[in-house]
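What follows is a set of notes on a single structure, which appears directly below.
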Amino acid sequence: MMDLPGGAISRRPLRFYWVLDVSGSMAGEKIDRLNFAIREALPAMRDSAAENPYAAVEVRVLTFSTGCQWVTPGPVPVEDFNWTGVPVNGITDMGAAMRAMAKELSVGNMPERGLRPVVVLVSDGQPTDDFDSGFDALMAEPWGKRALRMAIAIGDDADLDPLRKFIGHQEVEPLQARNSPDLVKYIRYVSTTVLKSASAPASRTVTVPSDGTPTPPPPPPPADPDADAVW
C-alpha cells in the first residue's frame, strides 16, 4: 500500500525478466559490456519504477548456455535488486530458456492482480536446441502471450529470426547492438522506457487486438552509425 492524497492505494506487481545468453560466444567484451550496461541502467530503472505509484516492480534474471539457470531465486523488488555480473560458458540452449519462462509465467506462479510482465531476451547467437517447441510452450501460457516481449541482438551475426518470433509483433524488430554504445543505450531503453510503458496506469487492463498481438512498446532510440567499435 502507498499513501497518496485522498487515501492509500494498492500497488500491483509488475515483473521484469532478463533472459540472458551467457554461452561461450559471449566471452570477452560482449559479456563485460552487458554486465556493465545492466549495472549502469539500474539507477534509472529504479527511478522509472518509483514514478508510478500503481506498480510494484520486481526483477528476476534467467541465464542460458548449456541449459538454463535462474540467477535470482525469486522475483526481487527493484529497489533491492543489484547486479554483480554473470560468467560465460557452453552452448546456446535458448529453447530451454523458453520452457523455463513458460513455467515461470504459468498462472499458478504469477500474482493474481499482476500487471503485464516485461521479458527481455538478449543473445548474440543461434539457438542450439529446439527453440520453436520452447517458444510454443511459452505462448501456451496466458501470461506468456500477454507479456511485453523485447529482444536485443548483440552483433551483426546474431540470428534475428528467433528473436523476431519471440517479440511476436510485426511492427517491432529486435534491437541490434552492433557495438558497446548501442548495447548500453538499448539496455537503458528497455530498463526505463519499456518498463514505464508496461507500468502505466492504462496498462492495468492489457489491450490485446483481435489477432492476439499486444500493443507495441514506444519507439527505441536509434543505433549510433558513427561508433568506432563493432563486434
Side-chain angles (χ1 to χ4, degrees), residues 16-49 57-73 75-76 78-98 100-101 118-129 131 149-160 162-163 166-167 173-195 220-231:
F16 184 104
Y17 295 94
W18 290 112
V19 182
L20 306 178
D21 182 349
V22 295
S23 61
S25 61
M26 286 285 293
E29 185 182 3
K30 289 180 182 179
I31 197 64
D32 290 344
R33 298 306 294 180
L34 177 59
N35 285 325
F36 168 80
I38 293 176
R39 282 194 298 268
E40 191 274 341
L42 262 177
M45 186 181 194
R46 294 189 187 106
D47 290 344
S48 181
V57 177
E58 301 171 331
V59 183
R60 197 173 189 199
V61 182
L62 177 69
T63 61
F64 63 96
S65 54
T66 303
C68 61
Q69 179 177 355
W70 287 105
V71 175
T72 48
V76 179
V78 66
E79 58 269 22
D80 298 328
F81 179 76
N82 291 295
W83 187 247
T84 57
V86 288
V88 298
N89 64 77
I91 53 178
T92 312
D93 285 345
M94 195 183 294
M98 295 298 101
M101 281 306 309
V118 178
V119 186
V120 182
L121 172 62
V122 183
S123 179
D124 77 330
Q126 300 179 351
T128 51
D129 63 348
F131 169 80
R149 302 182 304 277
M150 296 293 296
I152 299 174
I154 299 181
D156 287 328
D157 57 348
D159 186 351
L160 298 184
L163 303 186
F166 174 79
I167 293 170
E173 279 286 296
L175 303 170
Q176 194 156 14
R178 295 182 169 88
N179 48 59
S180 294
D182 282 350
L183 180 59
V184 172
K185 183 187 303 182
Y186 292 150
I187 291 290
R188 186 181 180 89
Y189 163 72
V190 297
S191 299
T192 56
T193 305
V194 171
L195 176 62
D224 184 358
D226 298 322
D228 293 330
V230 177
W231 285 313

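The figures here come from the full heavy-atom set of this structure, side chains too, leaving out hydrogens, waters and symmetry mates.
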Return a table of donor-acceptor pairs under 3.5 angstrom between the side chains of residues 38-49 and protein atoms on other chains or two or more places apart.
{"from": "R46", "atom 1": "NE", "to": "V78", "atom 2": "O", "distance (Å)": "3.2"}
{"from": "R46", "atom 1": "NH2", "to": "F81", "atom 2": "O", "distance (Å)": "2.6"}
{"from": "R46", "atom 1": "NH2", "to": "N82", "atom 2": "OD1", "distance (Å)": "3.4"}
{"from": "S48", "atom 1": "OG", "to": "T192", "atom 2": "O", "distance (Å)": "3.3"}

CA sep, side-chain torsions, deciding dist, call: E173, I167, side-chain contact (heavy atoms from CB on, under 4.5 Å): CA-CA 8 Å; E173 279 286 296; I167 293 170; over 6 Å; no
[atom1] of [X] to [atom2] of [Y]: how many Å apart, nearest 0.5 Å?
X    : Y    : atom1 : atom2 : result
L183 : Q176 : CG    : CD    : 12.0 Å
M101 : L121 : CE    : CG    : 10.0 Å
W83  : T72  : CH2   : OG1   : 8.0 Å
F131 : S123 : CZ    : OG    : 9.5 Å

Run the side-chain contact (heavy atoms from CB on, under 4.5 Å) test on N35 and V86 for me, step by step, so that the C-alpha distance in whole Å, both residues' side-chain angles and the decisive distance to 0.1 Å come before the verdict. CA-CA 7 Å; N35 285 325; V86 288; 3.7 Å; yes
Tell me, please, which residues at least two apart from T92 pass side-chain hydrogen bond (donor to acceptor under 3.5 Å, both in side chains).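 Listed in chain order: S23.
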According to side-chain hydrogen bond (donor to acceptor under 3.5 Å, both in side chains), who are the partners of D93, at least two apart in sequence or on a separate chain?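 So D93 forms a side-chain hydrogen bond (donor to acceptor under 3.5 Å, both in side chains) with T128.
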What heavy-atom pair brings [X] and [Y] nearest, and what distance separates the two atoms?
X    : Y    : answer
G95  : D129 : N-OD1, 2.9 Å
A37  : I187 : O-CG2, 3.5 Å
R60  : P73  : NH2-O, 2.7 Å
G125 : D21  : N-OD2, 3.9 Å
C68  : A96  : SG-O, 3.6 Å

With respect to W18, which candidate in V118, V190, L62 satisfies the side-chain contact (heavy atoms from CB on, under 4.5 Å) definition?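 The residue from V118, V190, L62 that satisfies side-chain contact (heavy atoms from CB on, under 4.5 Å) with W18 turns out to be V190.
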Single hit among L34, N89, L20, T63 for side-chain contact (heavy atoms from CB on, under 4.5 Å) with M26: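 The residue from L34, N89, L20, T63 that satisfies side-chain contact (heavy atoms from CB on, under 4.5 Å) with M26 turns out to be L34.
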Listed by chain and number, what are the salt bridge (charged side-chain N to carboxylate O under 4.0 Å, His left out) partners of D124, not counting sequence neighbours?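 If we apply the salt bridge (charged side-chain N to carboxylate O under 4.0 Å, His left out) test to D124, skipping adjacent residues, the hits are K30.
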Who are the ring pair (Phe, Tyr, Trp, His ring centres under 6.0 Å) partners of F64, not counting sequence neighbours?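 F64 satisfies ring pair (Phe, Tyr, Trp, His ring centres under 6.0 Å) with no residue once adjacent residues are dropped.
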Residue list, ring pair (Phe, Tyr, Trp, His ring centres under 6.0 Å) with Y17, at least two apart or on another chain: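 With neighbours one apart ignored, the set is empty.
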Assess the residue pair M150 and Y186 against the criterion (side-chain contact (heavy atoms from CB on, under 4.5 Å)); give the C-alpha distance rounded to whole Å, side-chain angles, the decisive distance to 0.1 Å, and a yes or no. CA-CA 10 Å; M150 296 293 296; Y186 292 150; over 6 Å; no
Whether the side chain of R149 engages the backbone of F166 through a donor-acceptor N/O pair (distance < 3.5 Å, no angle test) should be reported.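 It does hold such a pair.
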